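If you're wondering where the values come from, they're calculated on a predicted model, not measured in any experiment. The figures here come from the full heavy-atom set of this structure, side chains too, leaving out hydrogens, waters and symmetry mates. Reminder, nothing fancy here: chain letters follow the sequence lines and each chain counts from 1.
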There are 2 protein chains.
Amino acid sequence: MLIQDKTQDKKEIDWKPIIKEFIAVLGEKGVVQRKEELITYECDGLTSYRQRPALAVLPRTTEQVAAVVKICNRYSIPFIARGSGTGLSGGALPLENSVLIVTSLMRQILKIDLENQRVIVQPGIINSWVTQAVSGAGFYFAPDPSSQIICSIGGNIAENSGGVHCLKYGVTTNHVLGLKIVLPDGSITDIGGQIPEMPGYDLTGVFVGSEGTLGIATEITLKILKTAESICVLLADFTSVEAAAASVSDIVSAGIIPGGMEMMDNISINAVEDVVATNCYPRDAAAILLVELDGLAVEVSANKQKVTDICLKNGARNITAASDLETRLKLWKGRKAAFAAAGHVSPDYYVQDGVIPRTQLPYVLTEIEALSQKYGYKIANVFHAGDGNLHPLILFDNSIPGELEKVEEVGGEILKLCVKVGGSISGEHGIGADKKCYMPDMFSNIDLETMQWVREVFNPQSLANPGKIFPTPRTCGEGAKASSSVQFSSQLSPHIERF
Amino acid sequence: MLIQDKTQDKKEIDWKPIIKEFIAVLGEKGVVQRKEELITYECDGLTSYRQRPALAVLPRTTEQVAAVVKICNRYSIPFIARGSGTGLSGGALPLENSVLIVTSLMRQILKIDLENQRVIVQPGIINSWVTQAVSGAGFYFAPDPSSQIICSIGGNIAENSGGVHCLKYGVTTNHVLGLKIVLPDGSITDIGGQIPEMPGYDLTGVFVGSEGTLGIATEITLKILKTAESICVLLADFTSVEAAAASVSDIVSAGIIPGGMEMMDNISINAVEDVVATNCYPRDAAAILLVELDGLAVEVSANKQKVTDICLKNGARNITAASDLETRLKLWKGRKAAFAAAGHVSPDYYVQDGVIPRTQLPYVLTEIEALSQKYGYKIANVFHAGDGNLHPLILFDNSIPGELEKVEEVGGEILKLCVKVGGSISGEHGIGADKKCYMPDMFSNIDLETMQWVREVFNPQSLANPGKIFPTPRTCGEGAKASSSVQFSSQLSPHIERF
């Protein structure tokens, strides 16, 4: 049984009447048609794949998003939502004959309810603006991707983004209470609500992390947390990666859950020091560990002692502690700049995102080193050590023909390694266009098909972000570019054959 | 458009060959046929509705569950999974011509992985056994319904159960990482995994809380937590409910998240003292607050002082603190026995379960008191105050004809009140057979229909627990008994009309 993509085999499209309809809804300035202007939108943070869309539109309200989606439906045009375009898996990669719905004019905070610790925002708002809006009153929004000063909340919801503080506080899905969404047919509905647990099936949970395939969130109710009384950042440096990894395990085993616990290896340390010069990270360390402790002052102080003892016992050379904001930011600066720094020390880099059980850290790092040797690429390791979320950065030169394909092969080997030890092919960057071919390494056919039938419920015409998440019959080797073909041909299980 | 229930209009069933097939899979002892024995299974904790099933079967393995479900499919017989039968919304209420799949022989712990803080269990295992199995090593399983010494983990998953510790640690769904499930057609699949965040749609999130309508979980991977270094329970007594409620708000506003924060009113206090005589709860208090603090010793000690100050500032008369296990259990004993105690001081009681934003507590309690006056029933209030999860207990005498219907009306008024202030019709007991008629008060047609189409993906023949969660065309006034009719007739939205 084949499910035909309703958007494929598209003939020439006459865009003129369509553009006219978009302009009627959004005005001239709300519709981007000129090729030069559309270059901005031809890729997201996964820059190795590019495709210019036919149009980009910039709505300001839920009703405008709904009107735009209805026009797309009328003409059977695929549409892709895009926030700030910082996604790393090509989730916002356009198709040729598609409309990009850009949320960068939807940046309002609609409501702040401090008493119930809720904030309602539009999807285009920048992640860090949410914290800025409530920090004066002693609150913050916990999920903090490295891109938080530029990425959008809508994008965070699409990819179920993580960040440094997700070890203790959970990823985006744990901080979203309710959503107003425009469904792929243009109707508007609300899912979830103002309280954490709702009866019925958890549709909010399904929507968060669905990478734009189930609709577009236009009003988002976020949970905000009380700022901790005290925060302390510890920097420990080690002469072996294993010692740093052992410290991570021991800290968690001691019952301490740090606000964040990050690790960087020697290559990353030197890249960062070359580029942003924190002057805090010792260049000869095999690895550093950044541990942020938050809570009551007495609690932070007691945990600081415990973490220090554990790191020293595991052979840490030095431990620097910072409680004041300025020094804390300085200690974090290098970690936050790690991806950008890799871009400075190498012509190109490819960020991988995988998850492993924490206890497999030393084994997996050794295997990644072996892959580095085998393929001849430097691989820098930067990761959320506490939750086993790896970000190996493969350094290469994209101007040499054939290199990207080889690097993708290394990236694929790393993902297979993660799955082998009981982990996952994505921690927080999503599947998007980039990793869909690895989904069968992780999920059975029945899982993938059940997910696709769930998508059919929301998105029966496959107009909302087609060609993402789910593998097409093509193999990985043929590249993972977004394609308008979403047919899937594997044997359907009996329980869904009746459709 | 009508979706016809495939199980309705059933003619006489010849059970003989079916029983023979069940016995071939489970042996004679695994199939319960005698009417006297089946009485056990004619209701769960919602005792006001009863229906004897045709058969009960007791599988021991995933394969046996799958074989049983396949037999049910072959004969188009509805089946209902049942754990310990402690559910309070009639989620395990049988139909006349149905098979009850009872998991009470599936109580094994399949794997304990302390290093990664995971335990894999069968669904029939008792909630508190999980903690017992790992407490020696310093771990525990956080979700703790009042029924934890008897309820099953499978039932907790079906209803997404909460408990005292869910304020700080989240409800069941936050502690389930992966599931082996038998789908409603009898095929076996795995969803989720060993790590917290997986790519693709969150099928584990959809399954947890789906009340047996999407399949049967047969192997469950749970997350366990490290036991806190120090635990302290505070009992504060107040001369007004408002003062206790204000203390709850102030504690949370101060940035303290207690392990648990429970409130009981004067009627509950006296019921408990009459029945279990804790001798700790002052009988003349308008309300008591039980606050459990956990964490590092220094943290608990600092928070203990803060909570004490807040309660005293709000007019608490006395504060008792207990750190040793024995006294802590004594302080909790009354709260854990509150429902049972209501059953001793009144011929019958009806437990309601609703959620409100914490800040609405004083208003809602005043309104419940007004309902108590209006209808002439005593209403005892016992609740998870920290997360706004109310459990009003309406005391009545079921032997008086017409009383149950009136009490259900009061229960319905309370639920509507919860929805009015932005809350929910269920905090942790589920919808089941009992509350499905209130779903339209909370969800739009489009929400309910989307949920039902999701159910169709997993459960297209409607054989898995039909007649639960979703409202039938019948009104609430006609009673909320489980029915084999699951047709829904409201206007389907265009985006799902094509099915």
Whether the side chain of K223(B) engages the backbone of N174(B) through a donor-acceptor N/O pair (distance < 3.5 Å, no angle test) should be reported. yes

Contact part of Q117(A) toward chain B, heavy-atom cut-off under 4.5 Å: side chain, backbone, both or neither? side chain

For F207(B), is it the side chain, the backbone, both, or neither that has a heavy atom closer than 4.5 Å to a heavy atom of chain A? neither

Closest non-hydrogen atom pair, E159(A) against I431(A): OE1-N, 4.3 Å

With a 4.5 angstrom heavy-atom cut-off, is it the side chain or the backbone of Q360(B) that approaches chain A, or both, or neither? neither

What residue, out of S210(A), S249(A), G170(A), G430(A), has the most heavy-atom pairs lying under 4.5 Å from chain B? S210(A)

Counting C-beta onward and ignoring hydrogens, is there a side-chain heavy-atom pair between P258(B) and V307(B) closer than 4.5 Å? no

Student check: side-chain heavy atoms of M439(B) and I425(B) closer than 4.5 Å: yes

Greatest number of heavy atom pairs closer than 4.5 Å to chain B - which of L225(A), T189(A), T359(A), I257(A): T359(A)

Any heavy-atom pair between the side chains of F458(A) and Y201(B) that's under 4.5 Å? no

Under 3.5 Å: donor-acceptor pair, side chain of K435(B), backbone of D353(B): yes

So what's closer than 4.5 Å to chain A heavy atoms on F139(B): side chain, backbone, both or neither? neither

N459(B) versus T213(B), side-chain donor and acceptor atoms under 3.5 Å: no

Under 4.5 Å from a heavy atom of chain A, the part of L214(B) involved: side chain

Per-residue contact mode, A297(B) against chain A (heavy atom under 4.5 angstrom): neither

Region of E229(B) that comes under 4.5 Å of a non-hydrogen atom in chain A: side chain

Max heavy-atom pairs within cutoff under 4.5 Å with chain A, candidates D447(B), V208(B), V252(B), goes to D447(B)

Could you tell me which of I469(A), I191(A), N303(A) has the largest number of non-hydrogen atom pairs under 4.5 Å with chain B? N303(A)

Looking only at V206(A), D202(A), N116(A), the option with the highest number of non-hydrogen pairs under 4.5 Å against chain B is N116(A)

S253(B) versus chain A, heavy atoms under 4.5 Å apart: side chain, backbone, both or neither? backbone

Checking K180(B) now: which residues fulfil salt bridge (charged side-chain N to carboxylate O under 4.0 Å, His left out) with it, not counting sequence neighbours? D190(B)

Modelled atom types, side-chain donor and acceptor of T173(A) and N160(A), under 3.5 Å: no

For chain B, find which of G200(A), A228(A), G209(A) contributes the most heavy-atom pairs closer than 4.5 angstrom. G200(A)

